[in-house]
Amino acid sequence: MESLGKKIKRIRTELELKQGALHPNQSAVAQIERGNNKNPSSDTIRIIAENLNKSIEELVKDTDWKAPQKITEEGKYGYSELDF
């Protein structure tokens, strides 16, 4: 299994593209490729995939990327200022 960052870098270099061509935030691409961000958001993946002429499914296939899980906050309470 290849890391997502290595796969993005491999495809990008094969296409002779710079990191800035994949996403408006070049630093985000650099962090993913270096492995500093191993689980970027679905939106970031979508933008990179589009700029590599790939579908999201093609880009993440056989990589270590996992879609972020929905965060639930069970056991937390919310209060209104009107209650006090």
**Request:** Go through the steps to decide whether Glu2 and Asp62 satisfy the test side chain to side chain contact (heavy atoms under 4.5 Å, CB included), and finish with yes or no.
**Result:** CA-CA 7 Å; Glu2 187 175 28; Asp62 299 325; over 6 Å; no
**Item:** Minimal non-hydrogen separation, Asn51 against His23, with atom names
**Value:**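 Minimum heavy-atom contact is ND2-N, 4.2 Å.
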**Request:** Over all heavy atoms of both residues, which pair between Ile47 and Pro24 is shortest? Give the atoms and the distance, please.
**Result:**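 Of all heavy-atom pairs spanning Ile47 and Pro24, the closest is CG2-CD, 4.1 Å.
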**Request:** Give, for atom NZ of Lys54 and atom CD1 of Ile8, the distance between the pair rounded to the nearest 0.5 Å.
**Result:**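 Answer rounded to 0.5 Å: 12.0 Å.
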**Request:** Find the distance between CZ (Arg10) and CG (Leu15) and round it off to the nearest 0.5 Å.
**Result:**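 If we round to the nearest 0.5 Å, Arg10:CZ and Leu15:CG are 10.5 Å apart.
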**Message:** Just checking Glu14: does its CD atom have more than 12 heavy atoms from other residues, nucleotides or ligands closer to it than 6.0 angstrom?
**Reply:**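 Correct, the count exceeds 12.
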**Item:** Test applied, salt bridge (charged side-chain N to carboxylate O under 4.0 Å, His left out); reference residue, Glu33; option that passes from Arg12, Lys6, Lys7
**Value:**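 So, applying the salt bridge (charged side-chain N to carboxylate O under 4.0 Å, His left out) to Glu33 and each of Arg12, Lys6, Lys7, only Arg12 qualifies.
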**Asked** Taking 4.0 angstrom as the limit, do Arg46 and Glu50 come out as a salt bridge?
**Response**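 Here Arg46 pairs with Glu50 in a salt bridge, since their nearest N and O are under 4.0 Å apart.
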**Request:** Applying side chain to side chain contact (heavy atoms under 4.5 Å, CB included), name anything that partners Ile45, two or more places apart in sequence or on another chain.
**Result:**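 With sequence neighbours excluded, Ile45 shows a side chain to side chain contact (heavy atoms under 4.5 Å, CB included) to Leu4, Pro40, Ile56, Leu59, Val60, Trp65, given in chain and number order.
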**Request:** Indicate, with yes or no, if Leu52 and Val29 share a hydrophobic cluster defined by side-chain heavy-atom contacts under 4.5 Å among Ile, Leu, Val, Met, Phe, Trp and Tyr.
**Result:**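 Val29 clusters together with Leu52.
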**Asked** Can you tell me if Asn39 uses its side chain to pair, donor with acceptor, with the backbone of Lys66 under 3.5 Å?
**Response**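 Checking the backbone N and O of Lys66 against the side chain of Asn39, a donor-acceptor pair under 3.5 Å is found.
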**Request:** Apply the test side chain to side chain contact (heavy atoms under 4.5 Å, CB included) to residues Thr44 and Asn37: give CA-CA distance (whole Å), side-chain angles for both, the deciding distance (0.1 Å), then the verdict.
**Result:** CA-CA 11 Å; Thr44 299; Asn37 182 357; over 6 Å; no
**Item:** Contacts of type side chain to side chain donor-acceptor pair (under 3.5 Å), residue Arg34, not counting sequence neighbours
**Value:**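 None.
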